[in-house]
Amino acid sequence: MSWRCSGATNHELVSNLIRYGLIKNDRVRNAFGNVDRAHFSAVDPYEDTPQRIGYDATISAPHMHANATEALLEYLQPGSKVLDVGSGSGYLCAVFAHLVTPGGQVIGVEHIPQLCKLSEMNLRKSPLHAKMLDEDGTIKILKSDGRLGYPEGGPYDAIHVGAAAYGFPQPLIDQLKAPGRMFIPMEESPQIQYIWQVDKDKDGKVTKVRMNGVMYVPLTDAKDFS
């Protein structure tokens with residue numbers, strides 16, 4: 001199904017994601033419509049496939065971004081705090097920012113410094129996203145080991161992990177608000193990955209539900225690309 005969602009423009013891409021049921025909610029539609037993927041992917045930005053952005057990283061396929069956003073939507077409300085682990089190109093930070101304004105904040109953590117700089121450059125291609133990054137603090141990009149989260153900014157209503165982990169990082173679960181939700185791809189064996197939805201209820205009880213099979217790049221240690 002994913003190839004059917006490709007388009008010649010951002011508007012066509014979003015329209016196809018809606019047509020094939022990947023985007024279901026009007027708030028998600030508007031957020032995706034307000035973020036031009038061409039600002040974050042230099043090659044074939046409107047193809048519904050992952051694209052390499054350098055430094056052994058990719059920007060996920062649009063249908064995967066739509067899937068993640070819909071899964072977290074209940075916790076992406078005005079005023080919400082969001083942590084995006086492995087924020088890469090910065091694309092999903094921008095999408096989430098449109099969902100949590102006014103009053104919310106999205107913190108992207110990325111362990112590769114070149115990707116931190118790239119994501120900030122990408123965000124500044126839009127005057128609105130530049131304002132969110134440089135003026136009002138709606139978006140913040142930090143160099144950090146995402147597996148450790150960013151406790152100084154928490155707790156978080158929603159946590160998105162953009163690369164496949166080996167096991168559930170306990171610091172991320174600890175930094176979830178009660179209630180809160182985490183969307184995380186997990187590598188269960190070589191070449192076998194699933195999305196897990198981790199919910200923490202108002203009393204702090206944690207529930208983990210395995211969802212659909214996926215293929216993400218791994219959540220790894222930092223490398224030196226200098």
Side-chain angles (χ1 to χ4, degrees), residues 10-11 13-14 27-43 45-46 50-55 57-60 62 64-66 68-69 72-73 75-163 172 175 177 180 182-183 219 222 225-226:
N10 199 67
H11 177 75
L13 171 63
V14 175
R27 294 181 61 234
V28 177
R29 178 198 66 193
N30 292 336
F32 273 67
N34 283 321
V35 182
D36 190 341
R37 200 166 183 266
H39 291 173
F40 302 87
S41 176
V43 179
Y46 309 124
Q51 303 291 344
R52 295 192 177 277
I53 58 173
Y55 311 104
T58 63
I59 178 173
S60 295
M64 290 306 306
H65 281 151
T69 306
L72 291 170
L73 185 60
Y75 297 91
L76 299 173
Q77 302 295 329
S80 293
K81 299 190 75 171
V82 184
L83 182 68
D84 186 17
V85 174
S87 51
S89 70
Y91 174 82
L92 213 49
C93 287
V95 171
F96 290 159
H98 284 278
L99 292 164
V100 302
T101 53
Q105 185 179 46
V106 181
I107 297 176
V109 290
E110 176 58 62
H111 67 260
I112 300 171
Q114 292 92 337
L115 286 180
C116 292
K117 292 179 181 178
L118 175 66
S119 63
E120 290 177 340
M121 288 174 55
N122 291 341
L123 288 162
R124 292 187 179 111
K125 293 174 185 176
S126 158
L128 178 56
H129 299 146
K131 182 176 183 292
M132 290 176 168
L133 177 69
D134 297 322
E135 296 181 27
D136 62 27
T138 301
I139 301 174
K140 182 183 291 188
I141 305 294
L142 300 171
K143 179 186 177 298
S144 179
D145 184 341
R147 293 167 296 190
L148 302 178
Y150 183 65
E152 296 90 335
Y156 301 98
D157 299 274
I159 297 177
H160 169 265
V161 182
L172 298 184
Q175 290 167 44
K177 192 177 289 186
M182 177 166 65
F183 177 101
L219 193 63
F225 290 97
S226 59

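From a predicted model like this one, the values you see are computed outputs, not experimental measurements.
- Shortest non-hydrogen contact noted between Gly88 and Ile53 is C-CD1, 4.0 Å.
- Considering only heavy atoms from C-beta on, Val35 comes within 4.5 Å of Phe40 through its side chain.
- Across all non-hydrogen atoms, the minimal contact from Val85 to Arg147 is CG1-N, 4.5 Å.
- Here the CG-OH distance, from Leu118 to Tyr55, works out to 7.5 Å after rounding to the nearest 0.5 Å.
- Panel note: side chain Ser41, backbone Val43; a donor-acceptor pair is recorded below 3.5 Å.
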>> The test is side-chain contact (heavy atoms from CB on, under 4.5 Å); show your working for Val95 and Val106 and say whether it passes.
In response: CA-CA 10 Å; Val95 171; Val106 181; over 6 Å; no
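- Shown here for Ala57 and Leu115, the closest heavy-atom pair between the two residues is CB-CD1, 3.7 Å.
- The number of heavy atoms from other shown groups lying within 6.0 Å of NZ (Lys117) does not exceed 12.
- Residues Cys93 and Ser87 approach most closely at SG-CB, 3.8 Å, considering heavy atoms.
- One distance of note links CE of Met121 with SG of Cys116; it measures 13.0 Å at 0.5 Å rounding.
- Looking at heavy atoms from C-beta onward, Tyr46 lies in side-chain contact with Asp36 at the 4.5 angstrom threshold.
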Side-chain donor-acceptor contacts of residues 150-160 below 3.5 Å, not counting sequence neighbours, with atom names and distances?
from, atom 1, to, atom 2, distance (Å)
Tyr156, OH, Tyr150, O, 2.5
Tyr156, OH, Gly154, N, 3.4
Asp157, OD1, Lys177, NZ, 3.4
Asp157, OD2, Lys81, N, 2.8
Asp157, OD2, Lys177, NZ, 3.3
His160, ND1, Asp84, OD1, 2.7

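- Between the side chain of Gln105 and the backbone N or O of Gly137, at least one donor-acceptor pair lies under 3.5 Å.
- The side-chain hydrogen bond (donor to acceptor under 3.5 Å, both in side chains) search around His39 returns none, not counting sequence neighbours.
- Two residues are said to be in side-chain contact when any heavy atoms from C-beta on lie closer than 4.5 Å; His98 and His129 meet this criterion.
- Here the side chains of Leu99 and Val82 are not in contact, with every heavy-atom distance at 4.5 Å or above.
- Proximity of Gln77 to Arg27: side-chain heavy atoms (C-beta onward) are separated by under 4.5 Å at one or more points.
- The minimum heavy-atom distance linking Arg37 with Ser60 is given by the pair NH2-O, 2.7 Å.
- Summarising the geometry, atom CG belonging to Leu123 is positioned 5.0 Å from atom CD1 belonging to Ile139; distances are rounded to the nearest 0.5 Å.
- Considering CG of Asp145 and CD of Glu110, their distance stands at 10.5 Å, rounded to 0.5 Å.
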>> Using the rule given for side-chain contact (heavy atoms from CB on, under 4.5 Å), can you reason through Leu172 versus Leu83, listing the C-alpha separation, both sets of side-chain angles and the distance that settles it, and then say yes or no?
In response: CA-CA 9 Å; Leu172 298 184; Leu83 182 68; 4.0 Å; yes
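- Annotation for Ser119 and Ile141: closest pair OG-CG2, 3.5 Å, computed over non-hydrogen atoms.
- Using a 4.5 Å heavy-atom threshold, the side chains of Ile59 and His65 count as touching.
- Two residues are said to be in side-chain contact when any heavy atoms from C-beta on lie closer than 4.5 Å; Arg52 and Thr58 meet this criterion.
- Here the CZ atom belonging to Phe96 is positioned 11.0 Å from the OG atom belonging to Ser80, to the nearest 0.5 angstrom.
- Atoms CG and CD, from Leu133 and Glu120 in turn, are 5.5 Å apart once rounded to the nearest 0.5 Å.
- Proximity of a side-chain donor or acceptor of Gln175 to a complementary backbone N or O of Leu148 within less than 3.5 Å is detected.
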